[in-house]
Protein chains: 2
Amino acid sequence: MPDVNRVLSRRDRVRAATQSELTAAARELLVTGGTEAVTVRSIASALGMTAPAIYRYFDSREALLDALIDALYDELAAELIAVRDAAGSLAGRFLETSRAFRRWALAHRAEFGLLFGAPIPGVGELGAAGEDRGRRFGALWLELFIELAARDRDVVRWRRPIPERLRAQVTDYVESIGGVVDTDTALLFLACWERLYGAVCTEVFGHLAFALDDAEELFEDQLLDVAERLGIGPS
Amino acid sequence: MPDVNRVLSRRDRVRAATQSELTAAARELLVTGGTEAVTVRSIASALGMTAPAIYRYFDSREALLDALIDALYDELAAELIAVRDAAGSLAGRFLETSRAFRRWALAHRAEFGLLFGAPIPGVGELGAAGEDRGRRFGALWLELFIELAARDRDVVRWRRPIPERLRAQVTDYVESIGGVVDTDTALLFLACWERLYGAVCTEVFGHLAFALDDAEELFEDQLLDVAERLGIGPS
DNA sequence: TCCGTTTCGTTAACGTTGTTCACTTGCGCG
DNA sequence: CGCGCAAGTGAACAACGTTAACGAAACGGA
């Protein structure tokens with residue numbers, strides 16, 4: 001007899017299934033109608049049930065959106081990891097992962113807004129949970145930088161003196177993730193992440209739309225800048 | 001007799017005053033309680049009146065928020081222009097304006113989220129009005145780049161070949177603002193704006209919080225990078 | 001100065017939102 | 001098999017944005 005999932009009873013399994021169907025319905029509503037279209041009643045009726053039933057699965061609307069955020073993080077992370085591990089060279093892994101990040105953001109603007117936009121108070125709270133998400137998502141990139149640093153230590157050398165306070169903060173961060181990386185590499189990662197996320201954010205939120213319909217080439221230029229800084233030649 | 005403001009009747013003046021009192025009240029609520037705290041009823045009662053009265057001044061809650069966005073843009077622009085024009089050298093004007101942008105964003109996180117965050121459907125609509133806002137705000141920076149380019153034409157030379165499509169888009173943009181600048185300078189402005197806005201966005205929205213409590217030095221590093229690119233030595 | 005019009009603000013109400021409560025149904029575990 | 005608990009329902013509540021009908025005050029022209 002298939003004794004897999006013994007730890008989860010049948011009830012628990014259908015419950016978990018319903019939960020993810022609910023977040024999926026919420027996502028669909030988010031994509032088609034924006035944030036305000038994702039109402040508890042709409043979500044419920046998408047599964048053919050009434051609003052109060054939702055509260056058997058989530059404590060509140062916010063908790064449901066929080067679960068959606070988690071699922072989206074997982075989806076995005078899985079996609080990036082797949083792209084990263086599919087590319088051949090180390091340079092290709094970095095470039096393709098970065099491009100995949102932008103591509104996902106543009107293909108899923110609404111979801112990106114939920115994950116990375118202005119924090120809605122109560123939802124996606126940038127408190128403990130949010131920081132943990134950031135840490136896990138950062139780890140995905142961090143591995144690339146560890147590889148890059150291992151290949152060429154010169155890459156992590158800073159052009160300018162590093163302010164004492166900045167170094168201290170980065171050291172604390174490194175410690176918080178178990179010291180799997182040295183401070184210099186972590187700093188390099190943070191600076192590059194800031195650039196890449198920033199570029200994607202600017203474009204997705206439409207703050208280049210006053211000038212450009214499609215900022216792909218501009219992103220590509222920024223990316224090549226970063227790559228150069230990382231000792232990666234043009235792919 | 002003081003015949004100033006003849007074009008605006010007394011009624012029109014107190015009406016305009018009430019309108020800005022309403023947006024100010026909305027802002028106060030936004031700052032203290034987040035987006036969802038800014039309800040029509042709360043705004044009204046802050047001025048000692050009831051909710052429906054609001055509709056004598058704005059077509060909807062969204063229209064009120066839109067007016068608030070405009071006021072905030074004006075405030076931010078005024079502050080940046082003041083800083084820009086106070087600094088002595090051209091280099092100082094660029095650096096201080098950039099720093100002032102970050103400072104304003106951090107000091108007014110909620111407002112920044114409204115202006116530059118994920119576009120809320122219906123509010124701040126990144127349509128025609130949004131693009132116009134972007135254009136006006138961009139003009140503020142653009143003047144700096146015109147000065148920079150006038151001082152040293154080498155600065156606007158691109159390190160990589162500029163893709164045809166990108167050049168075409170930038171040319172269109174230049175045309176849309178009356179051709180007050182050449183394509184190369186506009187491109188340089190857009191790339192730098194993307195970096196600076198991106199860095200501020202990353203920090204304000206808390207997407208470095210998993211690692212850094214204060215990203216000031218990281219921003220400063222990015223800023224000095226950009227400055228170097230612009231032929232500006234360290235200030 | 002007085003009158004008609006316009007504006008401002010109110011109260012009442014409607015539909016919708018998130019959420020709670022009391023209740024029924026029926027599946028799944030012991 | 002039968003009991004228990006989880007799942008789902010309908011009614012209800014407060015608060016939301018918004019509209020309608022109405023009264024009062026203020027303005028502009030004769």
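Lettering of chains follows the sequences in order, A, B, ..., and the numbering in each one begins at 1.
Counting any heavy atom pair closer than 4.0 Å across all strands shown, A/T18 reaches no nucleic acid atom. Within the 4.0 angstrom heavy-atom criterion, base atoms lie near B/T50. Contact annotation for B/R41: base contact, defined as any heavy-atom pair under 4.0 Å involving a base atom. Within the nucleic acid shown, A/Y55 comes within 4.0 Å of at least one base atom, counting heavy atoms only.
The listed nucleotides are C/dT17, D/dA7, D/dT18; the one nearest the side chain of B/V40 is D/dT18. Distance from the side chain of B/R56 is smallest to C/dG9 among C/dG9, C/dC29, C/dT19. Ranking C/dT17, D/dA7, C/dC29 by closeness to the A/S9 side chain, first place goes to C/dC29. For A/R11, the side-chain atoms get nearest to D/dC5 when compared with the rest of D/dA21, D/dC5, C/dA22. Closest to the side chain of B/P52, from the set D/dA20, C/dC8, C/dT19, is D/dA20.
Ring centroids of B/F219 and B/F101 are separated by 6.0 Å or more, keeping the two rings apart. Aromatic ring centres of B/F137 and A/F210 lie farther apart than the 6.0 Å criterion allows. Ring centers of A/Y197 and A/W141: at least 6.0 Å apart, outside the cut-off.
Between the CE atom of B/M49 and the P atom of C/dT11 there is a distance of 13 Å, given to the nearest Å. Look at CZ on B/R15: it is 15 Å from P on D/dC27, rounded to the nearest Å. Following rounding to the nearest Å, B/F58 (CZ) and C/dC8 (P) show an atom-to-atom distance of 12 Å. Rounding to whole angstrom units, CZ of residue B/R61 and C1' of D/dT19 are separated by 18 Å. When rounded to the nearest whole Å, the span between CG of A/L64 and P of C/dT19 equals 10 Å. If you take CG of A/L22 and P of C/dG18, they are 14 Å apart, rounded to a whole angstrom. Atom CZ of A/R10 is separated from atom P of C/dC29 by 8 Å (rounded to the nearest Å). Rounded to whole Å, the distance from CD1 on B/I54 to C1' on D/dC16 is 14 Å.
B/Y57 has a side-chain polar atom (N or O) that falls below the 4.0 Å cut-off from OP1 or OP2 of C/dG9.
Taking 4.0 Å as the cut-off between side-chain N and carboxylate O, A/R102 and A/D214 count as a salt-bridged pair.
Judged by distance alone, the side chain of B/T171 and the main-chain N or O of B/R167 form a donor-acceptor pair under 3.5 Å.
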